[in-house]
Number of protein chains: 2
Amino acid sequence: MMFERVLIAEDQESTSISVRKTIEDLKIVASDYVFYCDDAFARIQKAIKTGQPFDLLITDLSFEEDHHVQKIVDGAALIKAAKDEQPGLKVLVFSAEGKSAVIDVLIKDLGIDGYVRKARHDAKELKLALEAIAEGKKYFPAQMKVLMKERNTYDFTSYDTTIIALLAGGVKQKEIPKHLDDQNIKPSGLSSIEKRLNLIREVMSFSTNEQLIAYCKDFKII
Amino acid sequence: MMFERVLIAEDQESTSISVRKTIEDLKIVASDYVFYCDDAFARIQKAIKTGQPFDLLITDLSFEEDHHVQKIVDGAALIKAAKDEQPGLKVLVFSAEGKSAVIDVLIKDLGIDGYVRKARHDAKELKLALEAIAEGKKYFPAQMKVLMKERNTYDFTSYDTTIIALLAGGVKQKEIPKHLDDQNIKPSGLSSIEKRLNLIREVMSFSTNEQLIAYCKDFKII
DNA sequence: GCTTTCCTTACGGGAAACCGTAAAGCGAGA
DNA sequence: TCTCGCTTTACGGTTTCCCGTAAGGAAAGC
């Protein structure tokens with residue numbers, strides 16, 4: 001049983017058009033689309049009030065900022081808000097984002113039903129995902145699992161990425177303890193930070209912090 | 001006088017579909033589309049041989065790698081190869097890339113005719129760009145000029161990027177002179193390298209090398 | 001030929017980062 | 001409460017990096 005009412009939140013007009021086309025191909029007539037998260041949330045609320053809630057939300061993750069100031073600024077926040085309002089709402093994420101950590105959170109914390117990466121054959125995948133979710137299944141493509149494995153050379157904890165992000169932001173090592181204290185992150189001792197960095201470099205066979213930063217940028221860890 | 005023969009190089013199927021739709025709306029019937037740069041180049045060559053060369057190439061910048069190994073891996077290289085083969089070919093870049101100094105290179109070195117950023121209203125912009133280029137004009141939206149102004153004034157020389165790339169590769173500063181000597185790059189003195197890095201950091205208001213590496217990765221300078 | 005100027009290199013003091021070791025904290029369990 | 005085990009911190013010695021100054025060297029101009 002295919003969906004009846006679908007909402008598309010996607011800021012790239014060109015992508016939005018394609019998604020709508022895919023939806024139409026599946027004979028779904030009651031779809032709606034928006035370019036801003038706040039609009040999406042408003043539509044969801046209104047649909048509930050009028051007794052015709054959406055069955056499915058298809059949303060991007062990153063929305064570009066513009067003059068139009070928004071309360072909800074990205075897809076993750078939109079999903080959270082939407083689920084609070086309508087827990088049974090199915091959610092399909094359609095994004096160019098490839099970072100496994102991000103997607104992991106979406107699955108575990110927000111309970112999304114599917115994920116399609118913007119890439120070659122994404123339109124076909126979108127269709128497959130819609131069909132799968134309509135049948136009550138989840139849809140997470142194989143290539144994603146591959147990505148998760150490939151990136152597993154070392155598990156960067158949020159502690160690691162915090163430190164690395166500070167370094168990349170120009171903060172000197174010996175000043176990192178202050179920053180961590182401000183955020184109530186422990187351990188905050190300089191030695192602990194040194195040790196942690198040393199461990200990471202050793203495991204990854206890096207000789208310098210510069211190399212580490214380059215790696216993290218390449219793999220979108222920060 | 002609108003284009004007659006248009007080639008679309010875009011790896012995201014969903015985006016490709018939209019671009020094709022826009023093209024059709026403009027009554028262009030002889031369009032062709034591909035998902036890989038190598039295919040695009042082959043089509044261009046073939047079209048020349050059969051006496052029906054393309055008028056316009058619409059291309060993305062970044063193409064995702066997959067099992068299919070390619071000689072040409074990104075849009076910039078494709079444009080270069082295409083222009084070598086057919087100097088008169090008009091080129092419109094359609095990409096999500098927003099900040100990069102790469103765009104500057106595209107305009108100055110590759111002589112592209114237009115640039116449309118994947119964002120809200122990109123489909124409408126695409127249409128405007130096509131009309132402008134068809135009239136022999138260039139199309140670079142206002143928002144990009146702002147970005148170009150905001151862009152940092154520092155020009156990274158190939159010397160700079162060589163050094164920075166070495167750092168990002170894990171080479172220690174004091175070992176860089178050897179590497180430069182091996183490549184017959186002068187100056188190779190440690191002091192010169194230190195001075196150079198110091199200058200860059202000062203101009204860009206960076207406090208550490210880590211921050212510099214992060215910046216260069218973000219802006220695809222290395 | 002001889003400055004002048006600019007660029008490169010050499011050197012040295014001081015700061016930061018690196019790394020091993022030892023001490024201090026802290027929770028779990030007897 | 002005390003001990004055990006683990007984690008965090010503190011503290012040195014060493015290396016590397018940072019940065020100012022001065023010496024060397026080549027090209028341009030008079």
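Every chain is numbered from 1 and lettered A, B, ... according to where its sequence line falls, protein lines coming before strand lines.
Seen from the ring of B:F94, B:R117 does not count as a face-on cation partner, given the 6.0 Å and 45° thresholds.
At whole-Å resolution of the value, CD1 in B:I163 and C1' in C:dT8 are 13 Å apart. As a whole-Å value, the separation of A:L212 CG from C:dC18 P is 10 Å. One interatomic measurement links the two molecules: CG of A:L180 to P of D:dT9, which rounds to 10 Å at whole-angstrom precision. B:E202 places its CD atom 13 Å from the C1' atom of D:dG20, with the value rounded to the nearest Å. What separates CG of B:L197 from C1' of D:dC19 is a distance of 12 Å, to the nearest Å. As a whole-Å value, the separation of A:Q173 CD from D:dC17 C1' is 12 Å. Atoms CD (A:E210) and P (D:dT16) sit 13 Å apart, rounded to a whole Å. Rounded to whole Å, atom C1' of D:dC19 lies 16 Å from atom CD1 of B:I200.
Contact annotation: B:S192 side-chain N/O to C:dT9 OP1/OP2 distance is under 4.0 Å. Look at B:N209 and you won't find any side-chain N or O under 4.0 angstrom from OP1 or OP2 of C:dA17. Residue B:R196 places no side-chain N or O under 4.0 Å from the OP1 or OP2 atom of D:dC18. Side-chain N/O atoms of B:N198 include one lying less than 4.0 angstrom from OP1 or OP2 on D:dC19.
Aromatic ring centres of A:F63 and A:Y36: separated by at least 6.0 Å.
In the set C:dT9, D:dC17, C:dA17, C:dA17 carries the atom at the smallest distance from any side-chain atom of A:K174. Comparing atom distances between the A:S191 side chain and each of D:dC18, C:dT8, D:dA10 picks out D:dA10 as nearest. Checking C:dG20, C:dC18, C:dA17 against the side-chain heavy atoms of A:E194 singles out C:dC18 as nearest. Side-chain atoms of A:R201 lie closest to C:dC19 of the nucleotides C:dA16, D:dT9, C:dC19.
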| Do A:E194 and A:Q173 pass the side-chain hydrogen bond (donor to acceptor under 3.5 Å, both in side chains) test, and can you show the C-alpha distance, the side-chain angles, and the key distance before you say yes or no? | CA-CA 8 Å; A:E194 288 173 339; A:Q173 239 166 267; 4.6 Å; no

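Judged by closest nucleotide on DNA chain C, B:L190 is the one of A:L167 and B:L190 placed further toward the 5' end.
Ionic pairing of B:D113 and B:K138 is present here: one or more N-O contacts between side-chain nitrogen and carboxylate oxygen are shorter than 4.0 angstrom. Using a 4.0 Å cut-off between charged side-chain N and carboxylate O, B:E13 and A:K124 make a salt bridge.
Among the atoms of the strands shown, base atoms are found under 4.0 Å from some heavy atom of A:K195.
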